[in-house]
S.K.: 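The structure's right below; bear with me while I get my questions together.
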Amino acid sequence: MSKIRSLLDRRTSQVITLVVVLYIVIFLHVSNSKFDRIFRSDKTHLPTTSHIDGLNLKKCGLQTKNIEDLRDQLSFAFPYDPQARIPRRVWQTWKVGTDSMDFPSTFRRYQEDWTVMAGDSFEHSLVPDDHIEPLLENMYAEVPLVLKAFKEMPATILKADFLRYLLLFARGGIYSDMDTIPLKPFDSWPSLNKHKMKTLRKENSPIPFKSSKNPRVPDEEPGFIIGIEADPDRADWNDWYARRIQFCQWTIQSKPGHPILRELILNITATTLYSVADTKSQSKSLIDLSYVNDYNVNYRDKRGLNETYPHEEAKKSTNIDGTDIMNWTGPGIFSDITLEYINNLIAHNPDVALLNGNLDATSEEVDPKSTRKFYKKISTSLQSNNVVPWEFFSLMTKPALVDDILVLPITAFSPDVEQMEAKSSKDEMALVKHMFEGSWKSEADNNAGH
Ligand SMILES: *[C@@H]1O[C@H](CO)[C@@H](O)[C@H](O)[C@H]1NC(C)=O
Ligand SMILES: *[C@@H]1O[C@H](CO)[C@@H](O)[C@H](O)[C@H]1NC(C)=O
Ligand SMILES: *[C@@H]1O[C@H](CO)[C@@H](O)[C@H](O)[C@H]1NC(C)=O
C-alpha cells in the first residue's frame with residue numbers, strides 16, 4: 001500500500017515538475033517572440049515597390065535573408081506554393097453578422113445565393129466588423145507593421161480595401177463584396193474547371209517576348225484570378241476612370257501568399273505608415289529616404305505637381321478624398337501593382353508563358369472590337385522592350401493567362417453594365433454580378449468614377 005502511495009507521490013511530483021518546466025518554456029517562448037516582434041517592428045525596413053531594378057519579384061523572399069525587411073517578413077510568414085490548390089473558400093465582410101437585425105435585407109438575399117453556391121464543398125465566411133481586428137491579430141502576428149498600418153488607416157473604405165488583400169494573402173479563396181451575387185457554380189469558373197483550363201492551354205501557343213526562352217505553360221490551377229473592371233476605349237476615358245485598364249477588386253480569387261498581394265500589402269503598409277498622422281514622424285527611420293515621395297500619398301497624383309498643395313500634411317479622416325482612396329488602397333493601386341508585377345515577371349523569367357487567345361496571331365483582320373486592334377503595339381512592345389502594355393488586356397472576350405495569373409474579360413465580374421463591350425449575365429463568361437448597392441461604398445464608388 002505504502003509502496004503504491006510513494007509511487008503515486010513520485011508520479012505526482014514528476015507531473016508537477018513537468019508542468020512547471022513546460023510552463024516556463026512556454027512563458028519564455030511567448031515573451032521572447034513578443035519581445036522579438038516589438039523589437040522587430042521598430043526597425044523593420046519599409047522598401048518601396050517602385051525602384052526595384054534587379055529584383056525578381058517572383059523569386060524573391062523564397063529563402064529569407066533579411067527578416068528586418070517587410071517584403072521578406074511577408075514572404076516568410078506566408079510562403080507561396082504555386083502547386084497548391086486554390087482554397088475552396090469564400091470571404092465576405094460586413095458591419096454586422098447575418099444574425100443581427102441591422103443586417104440589410106437585400107444583402108440577406110445576396111448572401112443566401114453565395115451560401116447556396118458554396119454548398120458543402122466551399123467554406124463561406126462572413127467577417128463582421130468586431131471580428132476583424134482579432135482575426136488579423138491572429139493572422140498577422142508575425143508581421144506587426146501590417147497590423148499597425150491597418151489600425152491607423154483613417155477611413156473605413158481604406159480598411160475595407162486593405163482587408164480583402166490581407167484575407168486572401170493569408171488564407172486564399174474568393175473574396176467578394178456584399179453587394180455581389182454569384183451567377184454560376186464555382187466549378188464552372190475557368191480557374192476551378194480543369195476542362196476550361198485545358199482548352200485555354202491547348203488553343204493558345206505562348207506569345208514570344210524579347211527574352212523568352214522555353215516557355216513553361218503551368219499545369220496547376222492559376223494562383224491569382226482577376227477580372228477587368230473598366231476598359232473605356234474612348235478618347236476622353238480619363239474623365240471617367242483613373243486607369244485605361246482597371247482591374248476589378250470587388251471580386252478576387254487567389255492562392256495564399258501570392259506575390260502580387262505581397263507587393264500590394266507592402267506598398268499600402270509603407271504608404272500608410274508614412275502618410276498618416278500617428279506614425280508619420282516615427283516611420284522616417286524605416287523608409288528609403290532617397291525616394292521619400294514614394295511613401296507619401298499626397299504625391300501619388302496630379303497633386304504631386306501642384307506646388308500649392310500641402311504635401312507634407314499628414315493624412316487624417318478630415319483630409320482624405322476619393323482621389324486618395326483610388327491610389328492608396330483602391331482599384332488604381334491594385335491595377336498598377338498587378339501590371340508592374342507582370343512586367344517584372346517577364347523581365348526576369350524567360351520561361352514565362354503568355355497565353356492570350358484574343359490576339360489571334362493567325363488572323364490578319366483588324367477587328368476594332370477586339371484586342372487585335374492593338375496587335376502591332378503589343379507585339380512591338382513585347383519584342384523590343386519585354387513590356388506587357390495595358391493594351392494586352394483591352395477588349396478581351398476570352399480569358400488570358402500570364403504565368404499563373406488568369407485575367408478574365410469584363411463580362412466575368414461586370415456583366416450587364418451595357419458599356420465597354422460587357423455582355424449580359426446570361427453569357428457563359430459571366431460569373432459574378434455587382435449590384436452597386438453598398439452604403440459607405442457607393443460614395444467611394446462614385447469617386448472611383450462609376
Ligand atoms: C506604391 O505604388 C505606386 C504605384 O506604382 C508607386 O508610385 C509608389 O512609389 C509605391 N510606393 C511604395 C512606398 O511602395
Ligand atoms: C492645388 O492645390 C490647392 C490646395 O489644395 C488647390 O486649392 C488647387 O485647386 C490645386 N490646383 C490644381 C490645379 O489642382
Ligand atoms: C492616381 O494616380 C494616377 C497615376 O499616378 C494619376 O494619374 C491620377 O490622377 C491619380 N488620381 C486618381 C483619382 O486616380
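Order of appearance sets the numbers: ligands from 1, and atoms from 1 within every ligand. Just so it is clear, the model here is predicted, and its values are computed rather than measured.
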S.K.: Does ligand 1 have an atom that lies less than 4.0 angstrom from a heavy atom of His51?
M.R.: no

S.K.: Report, in ascending order of atom number, the atoms of ligand 1 lying under 4.0 Å from any heavy atom of Glu340.
M.R.: 4 (C), 5 (O)

S.K.: Using only heavy-atom distances, determine whether the side chains of Asn193 and Ser188 contain a donor-acceptor pair under 3.5 Å.
M.R.: no

S.K.: Which of the numbered atoms in ligand 2 are under 4.0 angstrom from any heavy atom belonging to Thr308?
M.R.: 1 (C), 2 (O), 3 (C)

S.K.: Just jot down the ligand 2 atoms closer than 4.0 angstrom to any heavy atom of Tyr309, in number order.
M.R.: 2 (O), 5 (O)

S.K.: Taking only heavy atoms of Thr49 into account, list the atoms of ligand 1 that are under 4.0 Å away from them.
M.R.: 1 (C), 2 (O), 10 (C), 12 (C), 14 (O)

S.K.: Could you tell me the residue and atom name of the protein heavy atom closest to atom 12 (C) of ligand 2, and the distance to it rounded to 0.1 Å?
M.R.: Asn306 ND2, 3.3 Å

S.K.: Quick one: are His258 and Asp404 in side-chain contact, heavy atoms under 4.5 Å?
M.R.: yes

S.K.: Is it true that Arg244 and Asp231 make a salt bridge, defined as a side-chain N closer than 4.0 Å to a carboxylate O?
M.R.: yes

S.K.: Looking at atom 8 (C) of ligand 1, what's its closest protein heavy atom, distance included?
M.R.: Ser50 OG, 3.4 Å

S.K.: When you look at Lys255 and Asp81, which way does the salt bridge (Lys or Arg N to Asp or Glu O under 4.0 Å) test go after all the steps?
M.R.: CA-CA 8 Å; Lys255 289 181 187 172; Asp81 177 5; over 6 Å; no

S.K.: Classify the contact between Ile333 and ligand 1 as side chain, backbone, both or neither, using a heavy-atom distance cut-off of under 4.0 Å.
M.R.: side chain

